[in-house]
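Input: a single structure, listed below in structure tokens.
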There are 2 protein chains.
Amino acid sequence: MKTYSISEAANELNLTAYALRYYDKEGLIPFVERTASGTRRFKEADLDALKIIECIKSTGMPIKEIKHFIDWCLEGDATLQQRYEMFVERKARVEAQMEEMKKTLEIIEHKCSYYKTALEAGTEDIHKNPKLEFPQY
Amino acid sequence: MKTYSISEAANELNLTAYALRYYDKEGLIPFVERTASGTRRFKEADLDALKIIECIKSTGMPIKEIKHFIDWCLEGDATLQQRYEMFVERKARVEAQMEEMKKTLEIIEHKCSYYKTALEAGTEDIHKNPKLEFPQY
DNA sequence: AATAGACTTTGAGTTAACTCTAAGATTTGA
DNA sequence: TCAAATCTTAGAGTTAACTCAAAGTCTATT
């Protein structure tokens with residue numbers, strides 16, 4: 001069965017070896033096994049688990065909270081409810097973030113056309129409302 | 001013309017007065033005027049500018065880079081090109097983030113149904129592949 | 001068998017973005 | 001008018017998530 005050294009694993013996951021050791025220190029990857037002399041050996045399943053961790057992290061969950069999830073996983077079926085609720089909550093969070101991002105995109109697009117027009121005119125003045133004494137950026 | 005004290009402005013923007021002072025220290029809001037004795041008075045236009053700053057910030061741009069944009073604004077029409085390019089770049093960034101978020105959402109949704117099924121069965125074992133010796137979380 | 005390179009841990013350093021404290025000045029409301 | 005609340009600055013403290021350095025051990029290749 002193929003395994004990966006810490007820097008190979010880091011490479012696969014687009015992380016650094018430092019970051020993986022930090023995750024280990026924080027208790028995110030208790031499942032990663034070691035050789036007799038203490039070197040970490042990452043299995044494919046470990047990389048898959050780390051991909052899930054990265055996914056959860058990208059939703060904005062801090063590492064300390066992700067650790068709770070890992071602890072639940074280690075506790076087994078007794079924590080299925082908590083884990084389910086966590087993902088339901090993450091889903092809501094991501095959906096809200098996407099809504100926010102849509103609004104952000106609209107504003108940014110508006111600014112793109114604002115500056116495109118200004119650039120064509122050679123001056124921002126064409127957008128200036130004489131009633132406003134200050135540029136709106 | 002209505003103006004706002006720092007804590008009123010903070011309230012309007014869902015920020016803290018500390019954060020606004022920090023923004024000021026970092027040069028993000030050079031346009032905010034002061035009373036003769038030095039108290040900041042925020043105008044409506046200032047709040048609008050801060051909303052744009054928050055919008056740019058939400059795209060992941062660090063405050064030091066946002067300051068460059070503010071500096072360009074102060075320089076006037078000579079920097080229209082840079083500002084245009086910045087927003088075009090921000091647009092691409094947000095679009096990429098939305099794509100990433102879609103993938104994240106799919107994984108999270110998959111986990112939701114994974115745990116829903118497990119919860120109904122009372123055990124995670126129904127998802128276990130006997131070939132895998134480790135849970136995939 | 002030797003040596004280069006990768007691994008280990010511990011603990012310190014970094015960075016961003018606030019957040020707060022202290023001490024003092026100003027503003028507001030009874 | 002006077003106390004309470006709010007404002008000011010300077011600078012220190014906080015937190016998250018790494019990131020690195022040092023000193024030593026292990027592994028892989030000649």
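Here the structure is a predicted model, which means the values were calculated and not measured. Proteins get letters first, then strands, A, B, ... in listed order; numbering begins at 1 in each.
Counting 5' to 3', DNA chain D first comes under 4.0 angstrom of a heavy atom of chain A and last does so at the ends given by D/dA16 to D/dT27.
Put simply, B/Ser37 has a side-chain N or O that comes within less than 4.0 Å of OP1 or OP2 on C/dT27. For A/Ser5, a side-chain nitrogen or oxygen approaches OP1 or OP2 of C/dC7 to under 4.0 Å. Contact between the side-chain N/O atoms of A/Arg41 and the OP1/OP2 oxygens of C/dA6 is not found at any separation under 4.0 Å.
Listed by first and then second residue, the salt bridge (charged side-chain N to carboxylate O under 4.0 Å, His left out) pairs that reach into residues 71-81 of chain A are A/Lys67-A/Asp71, sequence neighbours excluded.
Within residues 9-21 of chain A, the residues that have a heavy atom under 4.0 Å from DNA chain C are, in order of number, A/Arg21.
Look at CD1 on B/Ile6: it is 19 Å from P on C/dA25, rounded to the nearest Å. Rounded to an integer number of Å, the gap from CD of B/Glu26 to C1' of C/dT19 is 14 Å. When the P atom of C/dA6 is taken as reference, atom CZ of A/Arg40 falls 17 Å away, rounded to whole Å. The separation between A/Arg34 atom CZ and C/dA6 atom P is 19 Å, rounded to whole Å.
Every residue two or more places apart in sequence or in another chain that forms a salt bridge (charged side-chain N to carboxylate O under 4.0 Å, His left out) with B/Glu100 is listed here: B/Lys103.
The structure places SG of A/Cys112 at 8.5 Å from CG of A/Leu105, a figure rounded to the nearest 0.5 Å.
Under a hydrophobic clustering in which Ile, Leu, Val, Met, Phe, Trp and Tyr are joined whenever their side-chain heavy atoms come within less than 4.5 Å, directly or via other members, B/Tyr114 and A/Ile56 fall into the same cluster.
Residue-to-nucleotide proximity on DNA chain C shows that, of B/Lys64 and A/Gly38, the 5′-proximal contact is made by A/Gly38. Projected onto DNA chain D by closest heavy-atom contact, A/Ile63 and B/Lys25 fall at different nucleotides, the more 5' of which corresponds to B/Lys25.
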Please report, to 0.1 Å, the donor-acceptor pairs under 3.5 Å made by any side chain of residues 20-30 of chain A, with sequence neighbours excluded.
from	atom 1	to	atom 2	distance (Å)
A/Tyr23	OH	A/Glu54	OE2	3.0
A/Tyr23	OH	A/Lys57	NZ	3.3
A/Asp24	OD2	A/Arg34	NH2	3.3
A/Asp24	OD2	A/Arg40	NE	2.7
A/Asp24	OD2	A/Arg40	NH2	3.3

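At a threshold of 4.5 Å between non-hydrogen side-chain atoms, the residues B/Gln82 and B/His68 do not count as touching.
With hydrogens and angles left out, the side-chain atoms of A/Tyr4 and A/Glu44 include a donor and acceptor closer than 3.5 Å. If you check the side chains of A/Thr59 and A/Arg93, you find no donor sitting under 3.5 Å from an acceptor.
Judged by distance alone, with hydrogens and angles left aside, the side-chain atoms of A/Thr117 form a donor-acceptor pair with the main-chain N or O of A/Ser113 at under 3.5 Å. Listed for the A/Glu8 side chain is a donor-acceptor partner under 3.5 Å among the backbone atoms of A/Ser5.
Classified by interplanar angle (parallel below 30°, tilted 30° to 60°, perpendicular above 60°), the ring pair A/Phe87/B/Tyr115 is parallel.
Stem analysis of DNA chain D (at least three stacked-register Watson-Crick or G-U pairs, each with both distances under 3.5 Å) gives C:1-30 with D:1-30.
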